[in-house]
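Reviewing the structure listed below.
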Amino acid sequence: MENLVVKEQLSSKSFSNYRSAMSSLSETHHPLSPPTILTPADSDPLLAPTIDRDLRNPKASDRLFSEPLHFSDVNSVSFDGNNFSDVNGVESPSKSSESSGGLSRSSSSNLEYIQITVSNPQKEQDVSNSIVPGGNSYITYLITTRTNMAEFGGSEYSVRRRFKDVVTLSERLAESYRGFFIPPRPDKSVVEGQVMHKQEFVEQRRMALEKYLRKLAGHPVIRKSDEFKVFLQVQGRLPLPTTTDVASRMLDGAVKLPKQLLSESAMAPQEVVQPAKGGRDLLRLFKELKQSVTNDWGSSKPAVIEEDKKFLEKKEKLRDLEQQLSAASQQAELLVKAQQDMAETLGELGLTLIKLTKFEHEEAVFNCQRVRAADTKNVATAAVKASRCYRELNAQTVKHLDVLHDYLGLMLAVHGAFSERSSALLTEQTLLSDLSSLKSRAEKLEAASSKVFGGDIARIQKLEQLKESIRTTEDAKNVAMREYERIKENNRSELERFDRERQADFLSMMKGFVTNQVGYAEKMSHVWAKVAEETSSYSKENN
């Protein structure tokens with residue numbers, strides 16, 4: 001589903017809209033804050049129509065009123081004008097909980113915080129793997145962390161990382177923290193090699209990486225993980241093991257497969273803590289695939305099944321929630337587009353009336369014509385002000401309703417955690433099935449050997465091998481059971497956190513959304529009320 005993917009790239013038009021929205025916020029105050037005293041230049045677009053600095057040039061209207069802000073395209077930026085001081089998941093001493101910048105919040109002290117910024121992208125050369133000079137270049141980013149958490153052992157760190165390092169971090173976290181709702185990393189662009197050195201792409205990736213790292217810092221468990229701390233603190237090359245590509249893993253698995261089939265080796269206990277996917281152990285992959293088919297189509301019931309009814313009910317409710325989030329996100333996009341269209345229309349109307357006012361004033365012969373021109377100028381000023389209000393409101397709408405799109409992205413992590421649970425259960429079922437088969441074979445072989453006087457040496461050796469496989473499989477089964485229970489507990493704690501934070505985030509979202517709608521509505525009503533008062537003489541003349 002397209003809406004479920006946290007988009008890493010922004011189109012050039014959408015990015016310009018983001019900058020336009022940012023500038024509109026930085027040039028104004030909140031509608032409910034004390035009013036700003038306007039100078040004559042602020043109130044008269046004919047003197048200096050700085051209601052938007054682009055309005056000085058009427059020919060720039062095509063550039064000013066660009067494509068509508070796309071809700072999913074701007075979800076990776078903050079419009080509060082205070083990106084640096086965003087505290088990831090923990091309330092800062094200088095900020096209230098309502099302005100916290102992450103989906104996840106820690107239950108620790110409010111005085112703890114982590115501030116992460118990604119900045120200063122630089123092009124570097126990979127001389128170790130480059131055959132042609134300049135052939136292997138990449139972009140690194142400066143990642144600055146400021147924190148007062150004791151686990152970090154310091155207050156400020158700066159390291160340089162490339163996107164490949166972020167991929168490695170994501171893979172290590174996925175392996176070490178199965179069952180947790182780990183925020184998904186930004187996707188790697190399929191056309192990255194062609195555009196990665198373009199400034200706009202680099203800036204888009206910088207924002208995506210910053211948002212991703214801030215979400216990780218907002219997770220109460222991930223933020224304290226060794227992998228995350230190493231990523232943020234250790235200088236130089238990232239000291240985390242990288243994952244080989246799929247082709248290499250499949251090749252390794254194919255090389256091991258004949259030996260596994262001939263020796264009938266059992267699954268090692270240390271291997272069951274990771275899922276079979278990846279290709280390193282093709283025999284295990286085939287066994288679990290067979291077990292999965294047996295579970296779905298076989299007549300016998302597996303030895304262990306998912307019996308947590310509350311979890312199954314919750315899982316079904318989350319599917320419904322995902323559909324509702326998708327529908328709400330689509331409606332939010334339509335609202336953003338409608339507000340942007342209104343801003344464009346009012347702005348174009350204001351610019352047109354300004355031109356008409358100039359024409360009427362220059363061609364005026366009688367004083368009444370000049371009066372009419374002045375009144376038209378007031379209407380034009382109000383239209384331009386209202387246009388700016390709508391643009392500011394639109395940026396605030398994106399900021400608040402962005403929570404919907406963030407939770408859609410988080411649903412990917414939820415599905416991933418549930419998938420880990422299913423995978424761990426399938427591993428346990430497969431091992432139980434293998435154990436049952438091995439014991440049955442051992443019993444038959446032992447019965448056959450007992451009928452031969454003095455025993456059959458070959459059968460005795462085979463029986464000893466089977467008993468060793470049974471012991472190894474028994475150990476692996478016990479490890480798999482503990483891993484499954486650990487993932488279940490992680491799911492349980494994450495679901496509780498998800499519900500708790502979703503309630504708080506949605507309440508904050510609606511409060512902010514409604515407050516801004518009311519505030520800007522009042523602001524625009526004052527603008528038009530002033531025009532109505534100034535032109536009230538016309539109604540008196542008609543009466």
For the [atom1] atom of [X] and the [atom2] atom of [Y], what is their distance to the nearest 0.5 Å?
X      : Y      : atom1 : atom2 : value
Gln122 : Thr140 : CD    : OG1   : 5.5 Å
Leu438 : Thr473 : CG    : OG1   : 5.0 Å
Ile470 : Asp434 : CD1   : CG    : 11.5 Å
Leu321 : Phe498 : CG    : CZ    : 5.5 Å
Glu156 : Thr147 : CD    : OG1   : 11.0 Å
Glu227 : Leu173 : CD    : CG    : 5.5 Å

In the structure I gave you, are the side-chain heavy atoms of [X] and [Y] within less than 4.5 Å of one another anywhere?
X      : Y      : result
Asn516 : Leu393 : yes
Asn148 : Ser155 : no
Tyr484 : Leu425 : yes
Leu216 : Pro183 : yes
Leu318 : Leu495 : yes
Ser437 : Arg441 : yes
Gln503 : Asp499 : no
Leu335 : Leu401 : yes

Shortest non-hydrogen contact from [X] toward [Y]:
X      : Y      : value
Ala442 : Leu463 : O-CD1, 3.6 Å
Ala413 : Ile182 : CB-O, 3.0 Å
Tyr212 : Ser170 : OH-CB, 3.5 Å
Ala208 : Pro186 : O-CG, 3.7 Å
Leu431 : Ala480 : CD1-CB, 3.7 Å

Ignoring hydrogens and angles, state whether a donor on the side chain of [X] or [Y] is under 3.5 Å from an acceptor on the partner side chain.
X      : Y      : result
Glu494 : His219 : yes
His415 : Glu322 : yes
Gln396 : Gln339 : no

Residues [X], [Y]: salt bridge by 4.0 Å N-O rule:
X      : Y      : value
Arg223 : Glu151 : no
Glu489 : Arg486 : no
Glu313 : Lys309 : no
Arg214 : Glu210 : yes
Asp406 : Lys215 : yes

Legend entry - Pair Asp226-Arg172, salt bridge (Lys or Arg N to Asp or Glu O under 4.0 Å): steps then yes or no: CA-CA 10 Å; Asp226 292 335; Arg172 295 289 76 76; over 6 Å; no
Judged by atom type as modelled, is there a donor-acceptor pair below 3.5 Å linking the side chain of [X] to the main-chain atoms of [Y]?
X      : Y      : value
Ser493 : Asn490 : yes
Ser329 : Leu325 : no
Asn491 : Gly179 : yes
Ser423 : Ser419 : no
Ser469 : Gln465 : yes
Gln233 : Phe152 : yes

Inset, instruction - Give the C-alpha distance, both sets of side-chain angles, the deciding distance and a yes or no for salt bridge (Lys or Arg N to Asp or Glu O under 4.0 Å) between Arg160 and Asp165. - result: CA-CA 10 Å; Arg160 281 210 159 267; Asp165 297 330; over 6 Å; no
Inset, instruction - Test salt bridge (Lys or Arg N to Asp or Glu O under 4.0 Å) on Arg319 and Glu316 and set out the steps. - result: CA-CA 5 Å; Arg319 289 197 185 99; Glu316 191 63 31; 2.8 Å; yes
Inset, instruction - Take Leu142 and Thr144, measure what side chain to side chain contact (heavy atoms under 4.5 Å, CB included) needs, and give me the verdict at the end. - result: CA-CA 6 Å; Leu142 180 65; Thr144 303; 4.0 Å; yes
Inset, instruction - Start with the C-alpha distance between Ile114 and Arg146, add both sets of side-chain angles, then the distance that settles side chain to side chain contact (heavy atoms under 4.5 Å, CB included), and finish with yes or no. - result: CA-CA 6 Å; Ile114 303 179; Arg146 291 180 174 85; over 6 Å; no
Inset, instruction - For this output row, return yes or no: ring centroids of Phe506 and Tyr407 closer than 6.0 angstrom. - result: yes
Inset, instruction - Step by step, work out the side chain to side chain contact (heavy atoms under 4.5 Å, CB included) result for Arg178 and Glu483. - result: CA-CA 9 Å; Arg178 299 178 68 190; Glu483 179 69 7; 3.4 Å; yes
Legend entry - Candidate pair Glu496 and Arg492, rule salt bridge (Lys or Arg N to Asp or Glu O under 4.0 Å), full reasoning: CA-CA 6 Å; Glu496 291 179 357; Arg492 185 197 62 78; 2.7 Å; yes
Inset, instruction - Can you sort out the partners of Met481 under side-chain contact (heavy atoms from CB on, under 4.5 Å), two or more places apart, ordered by chain and number? - result: Glu428, Lys477, Asn478
Inset, instruction - Assess whether side chain to side chain contact (heavy atoms under 4.5 Å, CB included) is satisfied between Phe163 and Ile139, documenting all intermediate values. - result: CA-CA 8 Å; Phe163 186 77; Ile139 303 296; over 6 Å; no
Inset, instruction - Please confirm whether Arg161 makes a cation-pi placement over Phe231, using NZ or CZ under 6.0 Å from the six-membered ring centre and within 45° of the ring normal. - result: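 That pair qualifies as a cation-pi contact.
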Inset, instruction - Using the ring of Tyr141 (Phe, Tyr or Trp, six-membered ring only), decide whether Arg206 places NZ or CZ under 6.0 Å from its centre and within 45 degrees of its axis. - result: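 Verdict for Tyr141: no cation-pi partner in Arg206.
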Inset, instruction - Mind telling me whether Phe418 and Phe311 have parallel, tilted or perpendicular rings, with 30° and 60° as the class edges? - result: perpendicular
